[in-house]
Amino acid sequence: MIDLLQLAASEAKAPVIDYRELSPLLALAGGSVVVLMVGLLRSAFARRVLVPALSALTLLVAIGLTIWIWESGDREPIIEGALAVDALSLGVSMLIYVAGLVTIVLSLRALAPEVAGHGEYHSLLLGSILGMVVLAMAENLITLFIGLELLSIPLYVLCATELHRRTSLEAGLKYLVIGSVGSATLLYGLAMVYGAAGSMQFGEIGAALGGGGLSATDPLLLTGIALSATGLAFKSSVAPFHQWTPDVYEGAPTPITTFMAVATKAAAFAVFLRLFDQAFGLAQLEWGPALAVLATLTIVIGNVGAIAQRSLKRMLAWSSVAQAGYLLAGVVVGSELGVRATAFYLAVYLLMNVAAFAVVVARERVSERGDDLAAFEDLGTAQPWLAWPMTIAMLSLAGFPATAGFIGKFYLIDASVEGAYTWLGIAIVVGSVVSLVYYLRVVAVMWMGRYEIEMPGPPRRIVRRVAGTSPEADARAQPEVAAIAILFAAATIVFGIWPDPLFEAARDVGSALPNLR
Amino acid sequence: MSATSFGWLVLVFPVVGLLITSLGWRALPGRSAGWIASAAILGSFLSAIGALVDMQDHPAEERHLVDSAWTYAATADLEVDLAILIDPLSVFMCLVVAGVSFLIHVYSVAYMGGDRGYARYFAYLNLFVFSMLLLVLAANFVLLIVGWAFVGAASYLLISFWYRRGTATAAGIKAFVMNVIGDVGLVIAAFLLLSETGQLDYLGVFEEAPEAFGRNDGTLVAACLLILVGAFAKSAQLPLHTWLPDAMEGPTPVSALIHAATMVTAGVYLIARCFPLFELAPTAADISAVVGTATLLMAASIALVVTDLKRVIAYSTMSQIGYMVLGVSVAAYGAGLFHLMTHAFFKALLFMGAGSVIGAMAGAQDMDRMGGFRKAMPFTFVTFTIGALALAGFPLMSGFFSKDEVLAFTIDRGGGYLVLGIVGYLAAALTAFYAFRMVFRVFFGEPVPEARELERGHVAHGEPMNPATGEPEDTDVGFPGPEHHVAERSGPMKAAMAPLALLAIVGGIVAVPGLTDTLEHFLEPTFEESRFHDTAPTEGAELIGLVIGAIISIASIGVAFLMYMRRRGITLELRDRFTAVHSFLSHKWYFDELYDAGFVRPMATAGSFGRRVVETDFVQGFIVGGSTGIVRAGTSFARAIQTGFLRAYALLLVLGLAGLVLYFLIASS
Amino acid sequence: MTVHLSIVLFAPLATGLLGAVLPRGWARWSVLAGTLVVLGYAMVMLADFESGAGGLQYATDDEWIGELGIRYQLGVDGLNLFMVVLTALAWVPCTLWAAIREHDRAKLYFFNLALGETAVLGAFMAQDLALFIVFFDLMLVPFYFLIGGWGTGDRVRATTKFVIYTLSGSLLMLAAAIALGVLSVPDGGELSFSLAELERRSIPEGSQHWIVLLFALAFFVKAPLFPLHGWVPETYRSTPIPVLALLSAVLSKVGVYGFLRIVLPVMPEGSQHWQELFIVIAVFSILYGSIVAFSQDNIRLVIAYSSIAQLGFIVLGIFALDDKGAQGAVFQMLNHGLVVVPLFLIVGVVALRSGGSESLRELGGMAVRAPVLAALFLITSFATLAMPGSPNFVGELLVLFGAFEDKLVYGLVASAGVVLAAVYMIRLFQGVMHNRLGPRAESSDLGGLELAAVAPLVAVVVALGIYPQFVVERSERATLEQIAAAKQHAESRSGPELSVSK
Amino acid sequence: MDVVWFLVLSAFIFVIGAGGVLTRRNPLVVLLCLELMLNAGNLALIAFARMHGDGSGQIFALIVMVIAACEVVIGLGIIVAMYRNRLPIDIDEMSELRG
Amino acid sequence: MWFEQVLFFVAGIGALAGALGVVMLRNPFYSVLALVVHLIALAVLFLLLHAEFLAAGQIVVYAGAVMVLYLFVVAYIGGSDEPLAAEGGPLGVFGPLFAAAVGVELCIAFVASGLKALGTRGAEIGTGFGAPEQIGELLLTKWLVAFETASFLLLVAAVGAVVLARRRRGLEEEGAAPGPRREAPTETLEVRV
């Protein structure tokens with residue numbers, strides 16, 4: 001017994017910790033703690049100004065470090081293969097950081113941090129970001145799961161932060177319960193995969209499939225794949241696991257909604273790509289069709305669901321469901337082109353949605369109609385600097401040319417045709433046709449609003465002032481929001497006409513996953 | 001100058017006139033517009049003479065002069081030039097058209113003097129003359145079709161010249177559409193010829209035709225019949241004739257020029273022009289002969305009962321054209337064109353006289369209201385009577401020779417043609433009768449108030465009203481102005497009518513059997529290719545024909561005299577006895593009703609069906625509504641399952657999970 | 001000459017943006033200047049265009065999006081030369097028309113006009129399939145705003161319907177185009193959408209069939225042809241006149257142009273496969289459009305349905321797969337555009353003089369004190385009904401000849417459309433200009449600027465009527481090259497059916 | 001005792017947990033059911049760990065225990081907050097967001 | 001090894017019973033207690049699977065600490081017996097049905113799998129397997145990241161709990177006090193159908 005212990009002890013050697021690759025995560029963790037501490041200070045300045053500033057600083061540092069790592073392009077899994085620091089994870093984490101910055105800016109005048117306490121609010125946010133990055137970098141099942149949870153748990157809280165508002169709590173609860181069901185399913189799925197493959201490492205699972213005696217059609221494995229697919233599909237709000245999305249997006253404070261819409265999706269799809277294209281890559285023939293069906297279903301449901309919405313947050317939520325369907329197409333084909341297209345579209349998606357949500361934030365704070373369509377009437381003449389970003393965002397989401405959205409869709413369709421899923425490309429197209437109905441309605445309300453516009457049927461409940469109504473905030477008093485909207489709308493146009501930089505990154509990301517078609 | 005450059009001049013003059021009168025419509029003072037227009041036509045008449053003279057210098061076999069201005073359209077195997085063809089036929093037509101047109105222009109200068117649309121009128125008139133000359137000078141089918149459609153357009157514009165008249169515009173659209181039908185026929189015919197002979201120039205086609213087609217070749221017959229569609233539409237032959245009587249809505253000089261002397265004879269010209277084709281396709285030729293004969297009989301019969309002065313002359317025009325068509329269809333080209341010429345003279349004359357009378361009647365056209373104008377307007381009376389005599393084929397009048405020559409040729413062909421000839425003589429009797437029915441009813445008997453007025457020395461002024469419907473005119477666009485014009489009062493009208501009267505009398509001398517064959521000889525170069533070139537009735541036969549014709553015309557003039565001078569009222573008895581016949585005739589053989597039921601209504605029905613049913617139910621309802629309906633359904637479904645109940649969401653999640661796992665389990669085995 | 005086309009292409013947009021920054025009231029003039037620049041360039045092109053020379057002239061070819069194989073590739077040949085000219089010719093009077101009136105948010109209005117011209121020009125000059133689609137869809141944005149923002153009646157509904165309808169077609173085309181590009185990549189080849197390249201590559205016939213079908217869907221909606229014209233009535237009713245003129249004159253041509261530029265040369269087998277179907281659709285549209293046209297009471301709708309019939313003729317000419325037919329189609333595309341613009345501007349004039357009424361029942365007798373208006377209206381009407389002597393006649397003649405050549409029966413049925421055209425156009429002309437004066441109508445002639453907007457185009461029409469060969473000879477070579485492949489394929493397939501008996 | 005027995009057992013537990021989530025309306029109980037599902041996962045993990053004779057499965061299970069605890073804490077926190085806002089502690093009552 | 005088998009069945013039945021108890025029992029108190037039973041049973045099973053450390057952790061952390069927390073909350077809120085009557089309807093039927101379907105599918109997956117090892121008692125293992133030494137070593141070497149992240153997660157969770165559950169004076173002053181009655185004024189919008 002004793003000697004066994006000594007044996008074990010002698011075997012135990014500390015793992016090599018590559019601090020350089022790890023630095024962004026450390027920065028985030030540290031930042032989150034510091035912010036929490038600073039938030040405990042009494043002075044309003046510390047809470048209202050210093051905390052956001054520090055969080056933003058943290059993210060900027062993380063971005064800087066990420067770029068630094070990206071520049072020196074060595075791409076080895078670190079710490080016993082727990083984390084993969086490659087173009088995919090780095091690129092996605094960049095998106096996440098940007099989304100985080102946006103959220104911090106949008107939260108400046110929001111009510112949520114007031115209620116939750118700035119320190120807590122921001123440290124939770126940073127914690128969630130950390131979770132996302134871990135998720136994006138996850139190279140084995142455990143890291144994947146813990147990352148997912150670290151992503152979700154702060155979000156459950158953040159959704160509920162406007163405690164005095166019933167819908168906020170409802171959103172939190174729904175998200176928590178459904179989310180936990182989702183992650184439990186995922187857990188079970190991962191367990192089965194582990195059981196089938198006998199390893200937690202993506203690489204080794206892939207190897208096992210590749211000839212390590214594990215057949216790609218083993219029921220245990222496939223069921224595991226099915227369960228984990230369900231879990232991830234839930235996180236990326238793919239139908240039929242999407243239903244929490246509209247409710248949570250509507251109930252949550254709008255800055256958080258923005259964050260969830262763009263960042264969560266990015267992280268979820270990153271891991272989707274990594275797990276399915278790398279670990280399960282060789283079973284693509286099995287899971288491809290199933291996911292394709294899910295994608296189609298998602299596209300349809302998301303778009304038809306959005307048509308009926310008057311609340312813009314809700315509409316964007318539904319549209320994000322549809323977008324998830326488009327993105328899934330890139331996963332389905334399981335090809336390098338698919339990875340590129342997905343990555344590209346994630347970036348584009350970030351630009352468009354941030355622009356749109358920023359305008360929603362700006363409006364709902366001043367209009368007593370909250371985020372209802374009616375609050376946007378005649379914005380074109382009243383506040384063109386808000387109407388234009390919204391218009392561009394809508395057109396881009398609808399996939400009009402000269403916007404990044406068009407190229408994104410083009411890329412995705414290209415990928416799906418390339419991967420012999422032409423009908424999926426057609427589905428994407430049909431979906432965007434349907435989506436015109438609600439995107440154009442927003443544009444019409446803003447520019448042609450003086451004339452009666454066919455609104456969707458009366459909402460089942462009274463339209464209520466939605467999140468974040470802070471009385472002191474009015475249009476001119478929140479330049480930062482308008483700035484965000486304009487900035488991202490401009491980016492949408494620029495990348496719509498000159499997308500090469502994004503393509504560069506996308507190509508880099510595509511090369512991250514080894515042995516793809 | 002060469003004949004062809006003269007030919008171009010013929011076309012240029014009217015264009016110049018058109019441009020001046022139309023662009024200068026505001027500037028031109030008084031009646032200058034009319035005079036400018038007339039001068040232009042005179043110009044092209046003189047150029048036509050020039051062309052004639054120059055052409056006669058060429059040896060007979062070289063009298064087909066083609067000159068091309070520029071390529072009109074050339075692509076693939078199609079090659080069309082903007083080219084004119086100068087040969088005896090076209091020059092002859094130019095002379096007739098330009099000559100008569102000139103006189104009618106002069107007449108119009110006075111007749112339309114009081115009309116608000118004076119300049120517009122002459123612009124249209126010049127446009128018409130240009131189009132007509134283009135039609136006859138064209139050297140290929142495409143250009144022919146262009147001229148063809150242009151005359152149609154000009155005639156449309158002039159028919160609905162007084163466009164505030166509902167009847168006028170209606171008549172205009174009717175005429176236009178019928179002409180377009182003709183155009184389409186020609187287009188298709190042109191294609192058939194192109195596809196078989198590879199060209200569209202007259203000379204080329206006629207060159208190729210004998211090689212390209214066998215006798216009575218199916219395609220060729222089709223082509224000829226389609227050509228006939230065009231010809232009949234223009235020349236108001238069965239069954240495309242109904243527009244001509246309505247065309248009388250236009251000003252009287254227009255009726256004289258377009259709907260009597262020139263445009264309506266274009267069909268005859270076309271058949272004559274395409275004689276090589278028709279001789280290769282005798283079936284088509286025979287059909288056209290039969291149609292011509294039928295038309296001439298039908299029109300003459302209707303002319304017996306119509307009481308509207310101008311419409312009587314219109315129907316007589318139809319029947320006279322029937323003679324011409326018959327002539328050119330039985331290869332009596334000279335005769336047919338001869339009748340075309342004489343008819344132009346006397347029919348124009350008749351219309352001018354009628355116009356003068358209508359002027360005196362303050363716009364009324366109903367013969368029942370007329371009578372006793374003999375003393376009031378002697379000049380009109382004389383000239384009109386001359387016209388009537390010529391029309392009736394009274395011995396030694398121009399019409400006498402031309403008509404009988406046509407019939408003589410017809411009978412000479414023997415066989416079935418005999419029947420046609422006999423019908424022709426029968427119709428001749430009717431012709432003479434209704435011609436003098438007009439004369440007697442208008443100029444003899446008790447003078448009507450308007451006549452007395454005129455005798456007392458001033459023209460009657462009635463409230464201008466639409467002769468067809470009797471509703472008061474909207475004088476805004478000037479229905480024959482406030483003052484009316486009668487030949488007695490205005491030099492220009494006399495100046496125009498006198499020469500025509502003369503020609504109506506002596507026009508026949510160009511082809512008196514046995515004595516002269518100027519026309520025949522002149523046209524020879526065009527028709528020498530004809531198979532029937534040297535088959536002609538013997539002089540004896542012709543003389544017999546003349547005698548028969550003379551007897552018939554004199555006899556039926558006598559009958560008319562008895563019925564309308566001696567025993568008035570007998571007409572009423574006859575009408576009462578043969579009510580059926582009368583109503584049949586006075587309803588113009590029910591053609592209008594037939595077309596109304598056959599084409600107009602169905603089209604309208606189809607239109608409203610398309611608008612009401614197809615548009616709303618199929619296009620909007622099914623296609624648009626269907627697709628949106630699906631989306632709506634999907635939307636309400638998505639909303640329906642979005643109940644807000646957490647456990648329901650979880651349920652769907654589990655369901656989806658079950659489904660997914662099931663799929664994978666199936667995939668695994 | 002690479003600058004050349006890019007300048008033409010972006011001159012309007014530039015002036016539009018300029019107008020947006022200039023003080024109020026200047027936008028209109030700056031945009032008008034832009035359209036004039038384009039017109040000038042178009043005339044220069046027309047002047048130094050070499051009819052004989054095949055291939056593209058003034059070609060521009062730069063990399064745009066390498067990753068997707070999309071090139072910024074512009075060029076002009078006999079086929080699109082006159083489309084460009086038409087665009088230039090159409091935009092000037094319409095902009096002028098708009099410029100002499102007051103609009104709220106004028107800057108936005110004229111910016112959209114300018115953007116529209118750029119987009120249309122781009123679609124016509126693009127030599128890269130993807131680029132074509134980019135402009136094809138971009139076109140909708142300005143028109144969406146123009147109709148929805150400045151239209152009349154239930155305009156938002158109309159414009160939404162218009163955009164969704166058209167985009168549903170063109171997005172499907174997008175998918176088809178990408179499929180075309182991807183499927184045609186040879187082993188080890190690069191993805192490319194350059195038309196020239198696509199013509200060289202070969203696509204399996206099976207996939208050609210559905211790809212052609214999707215393209216046709218987009219183009220038929222745009223044209224529009226019979227069953228797919230659901231957007232027409234509302235849109236035509238509520239679109240502002242100058243915009244409507246452009247919509248009907250130019251936009252409708254982009255679709256049918258696409259057939260000649262893309263579908264026939266790139267997918268000959270596919271085109272031949274659907275030839276019969278498309279011809280049937282075309283012929284049916286001719287008859288249906290004409291019949292509905294003469295039962296309409298609203299002048300705009302009369303012209304709307306007449307355009308359906310006219311476009312039917314064009315498509316018939318294209319899919320006759322015959323030299324004459326294609327020539328006629330190309331020529332007819334130009335002619336229809338040239339007559340429709342004045343026609344709609346005249347409708348605008350009439351509406352101004354009748355208290356906004358556009359119903360034939362309430363109009364009439366306007367010719368009296370407006371002879372110039374009447375004359376111009378008359379000429380355009382005659383041209384529209386393809387009266388011999390008008391350029392449209394030559395166009396239709398060629399189309400019909402082309403159709404007779406191999407599809408005699410369809411040709412004969414179609415020629416009934418010529419007669420019907422006469423009926424509805426004359427009915428239209430009379431209903432507005434003749435008969436008794438309408439209750440609300442009052443007759444007064446064109447103002448100076450109105451005349452300046454309408455007359456020149458009519459003059460062009462007349463000139464072309466006298467010398468159509470001007471167009472035919474310049475467009476001949478390119479057109480024949482475009483249809484050559486499909487024609488050859490058709491000849492190899494088609495038996496003696498329906499051809500003229502020898 | 002064969003591994004598969006443990007797995008089947010875990011499957012049953014998982015299903016019971018899921019069924020509980022679907023049927024119970026008291027959020028507290030729902031949280032308990034979630035615990036059940038996670039535990040099922042744990043059992044499966046440990047069974048597999050035993051099967052492969054590989055420790056990582058147990059590590060995973062350990063981590064999951066932590067996570068489960070965190071979820072519970074947050075869940076209870078939300079429930080408490082609801083209670084503070086005098087909201088009914090009933091999942092079906094929390095259905096204002098819908099459509 | 002009859003002893004093991006007996007133990008398995010006893011514990012297994014205990015676990016299932018506990019689970020069912022959680023779901024079935026009306027009173028949250030009893031549900032919690034049922035869960036405790038379930039957890040203990042699980043711990044036994046863990047032992048059978050040579051996961052001694054986890055078994056211990058299960059008992060101490062889970063069945064101990066967490067459940068106590070639960071009981072406090074239940075006590076705080078007052079574990080009202082919820083009426084199960086309303087839980088009939090589609091959910092009452094389909095819920096268990098679909099869940100059962102999933103269960104069946106999972107079992108099929110396990111049984112039908114081609115993996116031989118499933119039918120064995122498992123691979124040969126050293127005695128140290130599942131012992132604290134091994135766990136600790138793995139945690140600090142191979143699974144360092146997971147370990148650290150988990151610890152961070154605990155911190156975050158604590159913060160979250162604080163955010164959610166602490167009484168905040170600041171807000172009462174700002175007037176945004178809890179309670180539906182004092183919510184922001186609602187308004188209805190006239191909407192055209």
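Both backbone and side-chain heavy atoms feed into the values below; hydrogens, waters and symmetry mates do not. A, B, ... follow the sequence lines: proteins, then strands. Residue 1 opens every chain.
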For C/Asn112 and C/Leu146, indicate whether the former's side chain and the latter's backbone hold a donor-acceptor pair under 3.5 Å.
-> no
Between A/Arg441 and A/Ile307, is there a donor-acceptor pair closer than 3.5 Å when you use the side chain of the first and the backbone of the second?
-> yes
C/Leu174, part contacting chain A, at a heavy-atom distance under 4.5 Å | side chain
Apply side-chain hydrogen bond (donor to acceptor under 3.5 Å, both in side chains) to the pair C/Asp104 and C/Tyr109, showing each step before the final yes or no.
-> CA-CA 8 Å; C/Asp104 58 344; C/Tyr109 183 96; over 6 Å; no
Please confirm whether A/Phe344 and A/Phe503 have ring centers closer than 6.0 angstrom.
-> yes
If you tally heavy-atom pairs under 4.5 Å between each of A/Val437, A/Val417, A/Leu440 and chain C, the highest tally belongs to A/Leu440
Part of A/Ser435 lying under 4.5 Å from any heavy atom of chain C = neither
Aromatic ring proximity, centroids under 6.0 angstrom, C/Phe124 and C/Tyr257 = yes
Could you tell me which portion of A/Asp500 (side chain, backbone, both or neither) has an atom closer than 4.5 angstrom to a non-hydrogen atom of chain C?
-> side chain
Report the C-alpha distance between C/Phe220 and C/His229 in whole Å, list the side-chain angles of each, state the deciding distance to 0.1 Å, and finish with yes or no for ring-ring contact (aromatic ring centres under 6.0 Å, His included).
-> CA-CA 8 Å; C/Phe220 285 164; C/His229 66 283; over 10 Å; no
Can you name the residues of residues 392-403 of chain A that have some heavy atom under 4.5 Å away from a heavy atom in chain C?
-> A/Leu395, A/Phe400, A/Pro401, A/Ala402
Are the aromatic rings of A/Phe410 and C/Phe193 close, with centres under 6.0 Å apart?
-> yes
Exam field: side chain C/Thr159 to backbone C/Arg155, donor-acceptor pair closer than 3.5 Å = no
C/Trp150 versus chain A, heavy atoms under 4.5 Å apart: side chain, backbone, both or neither?
-> neither
Judged by modelled atom types alone, do C/Ser6 and C/Tyr72 share a side-chain donor-acceptor pair under 3.5 Å?
-> yes
Measuring heavy-atom distances to chain C, does A/Val434 have an atom under 4.5 Å in its side chain, in its backbone, in both, or in neither?
-> neither
Please check if any side-chain donor atom of A/Trp447 sits under 3.5 Å from a side-chain acceptor atom of A/Thr391, or the reverse.
-> yes
Measuring heavy-atom distances to chain A, does C/Phe145 have an atom under 4.5 Å in its side chain, in its backbone, in both, or in neither?
-> both
Assess whether atom CH2 of A/Trp498 is packed by more than 12 heavy atoms of other residues, nucleotides or ligands within 6.0 Å.
-> no
C/Val134, part contacting chain A, at a heavy-atom distance under 4.5 Å = both
Which of C/Ile65, C/Ile133, C/Thr160 touches chain A most, by non-hydrogen pairs under 4.5 Å = C/Ile65
Which answer fits C/Phe136, side chain, backbone, both or neither, if we ask what part of it has an atom under 4.5 Å from a heavy atom of chain A?
-> neither
